[in-house]
Protein chains: 2
Amino acid sequence: MGKVTMRDIAQVMGVSVMTVSNAFNRPDQLSAELRGRILARAAKMGYTGPNAVARQLREGRTRVFGVVVTQGVERVFEDPYQVILLGGLAAELEAAGANILLVGTGHDDVDPMMRVGVDGFVGMCTTHPMAAAASRRGLPLVTTDPMDGVDGWVSIDDRQAGLAIADHVRRLGHRRVTVVVEQTVPEHPCMVVQQPDHLLDLLQVLQADGIYDVWPRTLGVLEGLEGLDVDVVCSAGSSCRAGREAAAVVMDRQDRPTAVVALSDALALGVLDALRERGVVPGRDVSVTGFDDLPDAAAGLTTIRQPIRDKGRLLGQLLLGQTGGERHIVLDHELVVRSSTGPAPR
Amino acid sequence: MGKVTMRDIAQVMGVSVMTVSNAFNRPDQLSAELRGRILARAAKMGYTGPNAVARQLREGRTRVFGVVVTQGVERVFEDPYQVILLGGLAAELEAAGANILLVGTGHDDVDPMMRVGVDGFVGMCTTHPMAAAASRRGLPLVTTDPMDGVDGWVSIDDRQAGLAIADHVRRLGHRRVTVVVEQTVPEHPCMVVQQPDHLLDLLQVLQADGIYDVWPRTLGVLEGLEGLDVDVVCSAGSSCRAGREAAAVVMDRQDRPTAVVALSDALALGVLDALRERGVVPGRDVSVTGFDDLPDAAAGLTTIRQPIRDKGRLLGQLLLGQTGGERHIVLDHELVVRSSTGPAPR
DNA sequence: TTGTAAGCGTTATCAA
DNA sequence: TTGATAACGCTTACAA
């Protein structure tokens, strides 16, 4: 029961396995009458249709693409940026009859990347170490950020975007700025306020290991703020909650900054919450900027707009081989100024 | 290239295929020296490790579970409820070394449910028609709502919860109430204001087809509001946007209700947005209720709290066969009263 | 410690 | 229209 195969049916009906197979896949290859009898009999025997895995083996492809995330699968769902991106990817793949497999980092010694049956991988942001792993599989691999040795990537010019944000803040007259950086490495403590120079050293190490991928963005921001009085706070991931925690650290110190530059909207929205809780008015008392232009940012967050959904779509097309020659795609971004930023109070 | 198999390696090295297999899977089954040579040679030949699909076929399992969604994969990501549930499920499965496959409804004539290599299915809410399809595969199937013929489900007592909401609204003195119902069938027009009786007829048909699964909740609400002046609005899905649209219809009529009962928080949050845009103060001018207690509801939405994440976790355990005998799990819910509801204005 | 044989369940090819 | 044969790439059981 449940273990019925085409062979069983063929045997019982006195036909060949091939005929049974054809009954399921190639109706035109046999008489309607025989086909009907086979299907009926198969149903009666509890046959549940051609085994998917056997078929995949035989056909040499799975119609499944793996999305690789290093922070534990469930974290993906907490980050709106990733959720939107995934939505675009899903739309594209689904239209092509392909499915998405969420691949975690594994728990024990086994590397799940090696055991999943997929036709290719998408490396989500913050997941660079998996590049090597995916390459080991010898399968197509595309990523959400520029990276060497992959078969394609889709990104914006993160460094320029970082510069644009910094420039905006500087022009508003802010001289005392806190940058909230997403810290993706669990081993390193979060929420530590550091001087930029020391932080850059750390980040550069991470970047060299391929772990820290908002490096260009961070670099652009810090470069653009050079000469000002800058602090950096590392947050635990890119979520609203993390942003709130970060803001708590910043705001409860004496010597508050007049501007907080968060490296993602998710973080920035958390910062805004924390400010309001303290009766601080964003854009007047303290300016706040984000990055991504999530839907929630429309309520008044100054940020960098990037076409997140399109990123996902294009990654899907890249994977499906639908795009022409260009496999390194740089999308446009745009500074969107809203009410969360204003002139530095004097 | 890329097509190297164990046999190739075995041939080249003059050993058996089995030895090569062992070199990769059973280090203790051969001398470290030989193993080292094999691995080195394999790498040199461009072998990328044991073929995942072949292994799955041979081992008779994939370590993958399919999450079935009927509304198109990307819609899942728009619904916070589903996202949270998925997070819990992912955490549980990942801990067991299993992965999640997002299964869409397919585009052409092919039914993806029949072609994916999985060990079982999770039927997300609003996806009942897939129950039959999943059953056709003869694989374990668990769902987020009570359903016959499945191997398990995890839910709350939706009808009681609906009654609790209605009761709360009634006690506050509201006599003119609009219920916002999630309409999941694309074929039917949305945003149509209907009298409850006619709506119930429609919903009952959908329910009979297994398409409308907040049926108990809806029934509880309408039952609890019986005798009052009740209108019903059908929204397009359960999202903030849909809620905003629904509220627009409601509020722009003369003869506004004094209370809006939305059947999900996502909808309710959209309703709140729409009210505020119109200068209407929630809880004073118009009361609003939701359902789920999403994080965003904490800002002031009266709602029903249900352990969404736990639902996902338990579904995972059910699928992995980790729960004891009980395969029909009813979780607790709780009415949470916040500022979005208040006495009916007179 | 290494090798042999026999599938896992399907589909492509080519012959009948 | 139908059937026999040979893969697809691997691993379990058992033998050497």
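Lettering of chains follows the sequences in order, A, B, ..., and the numbering in each one begins at 1.
- Atoms CE (B/Met6) and C1' (C/dT2) sit 15 Å apart, rounded to a whole Å.
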task = Test A/Leu102 against B/Asn99 for side-chain contact (heavy atoms from CB on, under 4.5 Å), laying out the working first.
result = CA-CA 6 Å; A/Leu102 267 21; B/Asn99 298 297; over 6 Å; no
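- B/Asn22 comes within contact range of no nucleotide atom at all, as no heavy-atom separation falls under 4.0 Å.
- Residue A/Arg26 is classed as a sugar-phosphate contact, given heavy-atom separations below 4.0 Å to backbone atoms only.
- Listed nucleotides C/dT11, D/dT11, C/dG9 differ in distance to B/Val17; the shortest reach to its side chain belongs to D/dT11.
- Side-chain proximity of B/Arg58 to C/dG9, C/dT4, D/dC10: nearest is D/dC10.
- Phosphate proximity of C/dT11 to A/Ser21: present, with a side-chain N or O under 4.0 Å from OP1 or OP2.
- Taking atom CG of residue A/Asp8 and atom C1' of nucleotide C/dG7, one finds them 14 Å apart after rounding to whole Å.
- If you find the closest nucleotide of DNA chain C to B/Gly14 and to A/Thr5, the one lying nearer the 5' end belongs to B/Gly14.
- Put simply, CE on B/Met18 is 7 Å from P on D/dT11, counting in whole angstrom units.
- Checking D/dT12, C/dG9, D/dT2 against the side-chain heavy atoms of A/Ser31 singles out D/dT2 as nearest.
- Note on A/Val53: nothing from the nucleic acid sits closer than 4.0 angstrom, heavy atoms only.
- Put simply, A/Lys3 has no side-chain N or O that comes within less than 4.0 Å of OP1 or OP2 on C/dC8.
- The interatomic distance linking A/Leu57 (CG) with C/dA12 (P) rounds to 13 Å, in whole Å.
- Considering CZ of B/Arg327 and CD of B/Gln317, their distance stands at 11.0 Å, rounded to 0.5 Å.
- Between the side chains of B/Lys311 and B/Tyr81, a donor-acceptor pair is found at a separation under 3.5 Å.
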inquiry  = A/Leu319 vs A/Asp151, test: side-chain contact (heavy atoms from CB on, under 4.5 Å). Steps then yes/no.
reply    = CA-CA 9 Å; A/Leu319 224 32; A/Asp151 303 291; over 6 Å; no
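- Residues B/Ile329 and B/Leu318 meet the side-chain proximity criterion, which asks for heavy atoms closer than 4.5 Å.
- In the set D/dT2, C/dT10, C/dT11, C/dT11 carries the atom at the smallest distance from any side-chain atom of A/Glu59.
- Contact annotation for B/Gln29: base contact, defined as any heavy-atom pair under 4.0 Å involving a base atom.
- Atom CD of A/Gln56 and atom P of C/dA12 are 14 Å apart (whole Å).
- Atom pair B/Met13:CE and C/dG3:P shows a separation of 10 Å (rounding to whole Å applied).
- Residue contacts shown for A/Leu30 are limited to sugar-phosphate atoms, with no base heavy atom under 4.0 Å away.
- A close approach under 4.0 Å does occur between a side-chain nitrogen or oxygen of A/Thr19 and OP1 or OP2 of D/dG3.
- Residue A/Tyr47 is in sugar-phosphate contact alone, with no base atom involved, counting any heavy-atom pair closer than 4.0 Å across all strands shown.
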